[in-house]
Amino acid sequence: EDNLSVLTVDYETSDSRVNYGQVLQAAIVATDNNLNIKKKYDLRCRLKPNVIPSIGACMVHKIPVNILKNSNKSHYQMVMEHYNIIKQYTPSIIMGFNSVSFDLEFYRRMLYKSLIPDIYQTNTNGNKHLDVLNVARAAKFANDVSIKTIMSEKNRPSFKLSDLSKANNIDNGENHDALNDCLNTIDLSRIILKNSKNIWDDSLELTTRKDTENFILKNKFYTSLEYFYGNTHPFLVHHILFHPEWNWSINWDLKVNPDVYLNMDRKTLSKALDSSPKILRTVKANKSLVLLNSDYALKTDKYSSIGMEEINRRVQVLKDNHQFIDLIKLILSDKAKEKMSMDQTELLFEETIYKGGFANDNDKSIMKKFHEVDWKEKLNLIDKFSEERFNYFAKCLIYEERPEILPKSIYNKIHRSFAERLLSKNKEKWETIPAFYSETDTLRETKYKENKEMLDLLNQYNNYVMEIERRFENA
């Protein structure tokens with residue numbers, strides 16, 4: 001890892017729903033592997049004409065309405081610039097705070113809906129993921145004094161970036177500005193690097209799925225850290241199989257004696273696997289986890305009381321009973337298939353990033369051309385795609401960026417479909433205009449009732465959405 005740059009990424013978004021929201025501010029800070037800053041990028045863009053922001057998100061990032069309306073970049077321009085910055089620094093470590101489950105999922109969808117086939121840009125071609133939230137939790141667990149925390153309302157250590165920054169005297173300006181949050185993440189990482197170098201180094205060993213799987217297979221047992229009810233729980237686990245459908249590592253919790261389960265029939269075992277406390281622990285190797293050596297779990301009462309001899313015996317029993325492991329595999333496969341067959345809701349194109357598979361070579365070459373030609377030429381490429389989802393995204397891009405060049409019939413059809421979506425009175429998977437108003441009214445009467453400054457901001461966003469509504473009312 002010695003010469004890889006680290007790119008710290010953070011977004012402020014219109015909404016927390018990754019399929020339908022959009023990024024409004026993207027910050028990327030390039031550092032060397034000792035976290036010395038080399039360059040900062042702060043990208044902002046206009047709100048897309050077919051997106052309603054969530055008022056909750058707006059009141060956190062507080063991006064002024066005039067920037068949402070008049071920023072000098074469109075969303076598509078920002079996506080292309082972002083894509084090229086990552087490309088320029090490839091290979092590097094892509095770092096963020098809670099980035100694996102949030103920011104990077106947003107980024108993949110930005111690429112997907114912008115017809116960039118390279119949706120796994122941040123973890124292919126030598127790029128790796130490092131999620132500092134996981135590293136911070138592991139550092140605190142392994143060495144309590146490595147970072148300071150403050151207590152949440154529920155009286156548990158808070159791992160929100162704003163709280164960790166406050167606790168550790170980190171202040172790069174207003175929280176929930178993407179660039180400041182990047183700088184806060186880097187400062188927090190420097191503290192971990194200084195006070196818990198071994199945890200930092202361990203984290204860097206597991207920045208790809210392949211490295212994580214190698215660690216899991218190489219160690220007879222190891223410590224897996226899980227976070228629930230606001231606390232860190234260490235498990236001493238032994239890998240028994242990869243999930244037949246999802247490819248996750250399925251592990252046996254070694255505080256459980258396998259002897260009790262070996263002779264169960266399928267139905268009984270299936271029930272036992274579902275009951276609490278869980279016998280199996282799942283480790284998702286592509287989630288930038290911090291896995292530690294076995295000593296950490298062995299130091300805790302629930303494992304130290306069992307003794308090494310018995311733990312080794314349990315591992316041997318699991319290794320010797322292949323049929324038992326095969327039965328578990330079969331049960332997990334059935335459960336997964338049942339779940340998939342129950343989940344037959346019709347997906348909209350925006351939701352098909354993982355279901356639809358990769359673009360074929362023909363569509364990839366049209367995508368490449370799409371970005372090279374001018375907008376009028378782009379129009380001629382719409383019907384060249386073999387898959388309807390890419391045809392749809394191409395139309396949406398032109399609708400968002402250059403609506404005036406769309407043939408009236410295509411424009412009206414898209415405009416109407418978005419009007420229907422955004423004016424819907426049902427509970428939808430995206431922010432609707434009625435939901436925005438309802439939420440705004442609630443905040444006006446409750447949270448911000450006495451706060452003139454926030455009420456003023458609330459009304460600015462409200463007026464902006466009223467403008468957007470007028471554009472769709474007569475569609």
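Quick caveat, the model's predicted, so the values are computed rather than measured.
At distances below 3.5 Å, at least one donor-acceptor pair connects side-chain atoms of Asn451 with backbone N or O atoms of Met454. The backbone N or O of Ser74 sits less than 3.5 Å from a side-chain atom of Gln77, completing a donor-acceptor pair. For the pair Asn195 (side chain) and Ser146 (backbone), a donor-acceptor distance under 3.5 Å is present. Looking only at distances, a side-chain donor or acceptor of Thr223 sits under 3.5 Å from a matching main-chain atom of Asn293. His371 places a side-chain N or O within 3.5 Å of a backbone atom of Leu115 that can act as its donor or acceptor partner. Thr432 places a side-chain N or O within donor-acceptor distance of the main-chain N or O of Ala435, the cut-off being under 3.5 Å. Ser54 places a side-chain N or O within donor-acceptor distance of the main-chain N or O of Ala57, the cut-off being under 3.5 Å. Checked by atom type and distance alone, the side chain of Ser196 never pairs as donor or acceptor with a backbone atom of Ile192 at under 3.5 Å. Although no hydrogens or angles enter the test, the distance criterion places no donor-acceptor pair under 3.5 Å between the side chain of Ser333 and the main chain of Lys329. Within the 3.5 Å criterion, the main-chain N or O of Thr122 finds a donor-acceptor partner in the side chain of His129.
Looking at heavy atoms from C-beta onward, Val79 lies in side-chain contact with Ile116 at the 4.5 angstrom threshold. When side chains are defined from C-beta on, Ile328 counts as touching Leu332, because their heavy atoms get closer than 4.5 Å. Within the 4.5 Å cutoff, no side-chain heavy atoms of Val100 are placed close to those of Glu105. Using a 4.5 Å heavy-atom threshold, the side chains of Asp202 and Leu206 count as separate. By the 4.5 Å heavy-atom criterion applied to side chains, Ile279 and Asp253 are not counted as neighbours. Side-chain contact between Leu130 and Val135: present, with at least one pair of heavy atoms (C-beta onward) separated by less than 4.5 Å.
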Could you go step by step and tell me if Asn33 and Leu4 meet the side-chain contact (heavy atoms from CB on, under 4.5 Å) rule? CA-CA 6 Å; Asn33 67 322; Leu4 284 189; 5.8 Å; no
Apply side-chain hydrogen bond (donor to acceptor under 3.5 Å, both in side chains) to residues Ser158 and Asp163 and explain how you reach the verdict. CA-CA 6 Å; Ser158 166; Asp163 288 344; 2.6 Å; yes
Evaluate the side-chain hydrogen bond (donor to acceptor under 3.5 Å, both in side chains) criterion for residues Ser424 and Glu428: first the C-alpha distance (whole Å), next the side-chain angles of each, then the deciding distance (0.1 Å), finally the verdict. CA-CA 8 Å; Ser424 163; Glu428 302 289 4; 2.6 Å; yes
Applying side-chain contact (heavy atoms from CB on, under 4.5 Å) to Cys45 and Gln22, what does each step give before you reach the verdict? CA-CA 10 Å; Cys45 71; Gln22 79 164 87; 3.6 Å; yes
How far apart are the C-alpha atoms of Tyr20 and Val51, what are their side-chain angles, what is the distance that settles it, and do they pass the side-chain contact (heavy atoms from CB on, under 4.5 Å) test? CA-CA 8 Å; Tyr20 297 98; Val51 168; over 6 Å; no
Worked check of side-chain contact (heavy atoms from CB on, under 4.5 Å) between Trp252 and Val237: CA-CA 5 Å; Trp252 189 271; Val237 296; over 6 Å; no
Walk me through it: do Asp187 and Arg190 pass the test salt bridge (Lys or Arg N to Asp or Glu O under 4.0 Å)? CA-CA 5 Å; Asp187 282 345; Arg190 286 179 182 141; 2.7 Å; yes
Might you work through the side-chain hydrogen bond (donor to acceptor under 3.5 Å, both in side chains) test for Gln316 and Asn312, ending with a clear yes or no? CA-CA 6 Å; Gln316 201 52 51; Asn312 280 313; over 6 Å; no
Determine whether Asp295 and Lys299 satisfy the following criterion, salt bridge (Lys or Arg N to Asp or Glu O under 4.0 Å), listing intermediate values before the conclusion. CA-CA 6 Å; Asp295 298 353; Lys299 277 184 211 144; over 6 Å; no
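The aromatic rings of His239 and Phe242 are tilted relative to each other, their planes meeting at an angle between 30° and 60°. Phe235 and Phe228 have tilted rings, their planes meeting at an angle from 30° to 60° on a 0 to 90° scale.
Aromatic ring centres of Phe393 and Tyr112 lie closer together than 6.0 Å. Ring centers of His82 and Tyr107: under 6.0 Å apart, within the cut-off. Between Phe106 and Tyr11, the ring centre distance reaches or exceeds 6.0 Å. Phe215 and Tyr222 have their aromatic ring centers within a separation under 6.0 angstrom.
Arg108 and Tyr354 are linked by a side-chain donor-acceptor pair at a separation below 3.5 angstrom, with hydrogens and angles left out of the test. No hydrogens or angles considered: nothing links the side chains of Asn127 and Gln121 as a donor-acceptor pair under 3.5 Å.
A salt bridge links Asp441 and Arg444; the closest N-O separation between the charged side-chain nitrogens and carboxylate oxygens is under 4.0 Å. Ion pairing between a basic and an acidic side chain is recognised when a charged N comes within 4.0 Å of a carboxylate O; Asp144 and Lys140 show such pairing. At a threshold of 4.0 Å, the pair Glu351-Arg389 does not count as salt-bridged, since none of the basic side-chain nitrogens sits closer than that to a carboxylate oxygen. Under the 4.0 Å criterion applied to side-chain N and carboxylate O atoms, Arg281 and Glu226 are assigned as salt-bridge partners. Under a 4.0 Å N-O distance rule, the pair Asp334/Lys339 does not qualify as a salt bridge. Salt bridge Arg314/Asp259: absent, no basic N to carboxylate O contact under 4.0 Å. Using a cutoff of 4.0 Å between basic side-chain nitrogens and carboxylate oxygens, Glu431 and Arg17 are scored as salt-bridged.
For the pair Lys87 and Tyr89, the NZ or CZ position fails the cation-pi test of under 6.0 Å to the six-membered ring centre and within 45 degrees of the ring normal.
The number of heavy atoms from other shown groups lying within 6.0 Å of NZ (Lys40) does not exceed 12. Lys39 NZ: 12 or fewer foreign heavy atoms inside a 6.0 Å radius. Heavy-atom contacts from other residues, nucleotides or ligands closer than 6.0 Å to NZ of Lys210 number 12 or fewer.
Remark: of the listed residues Val29, Thr185, Ile94, Ile94 is the sole one forming a side chain to side chain contact (heavy atoms under 4.5 Å, CB included) with Val9.
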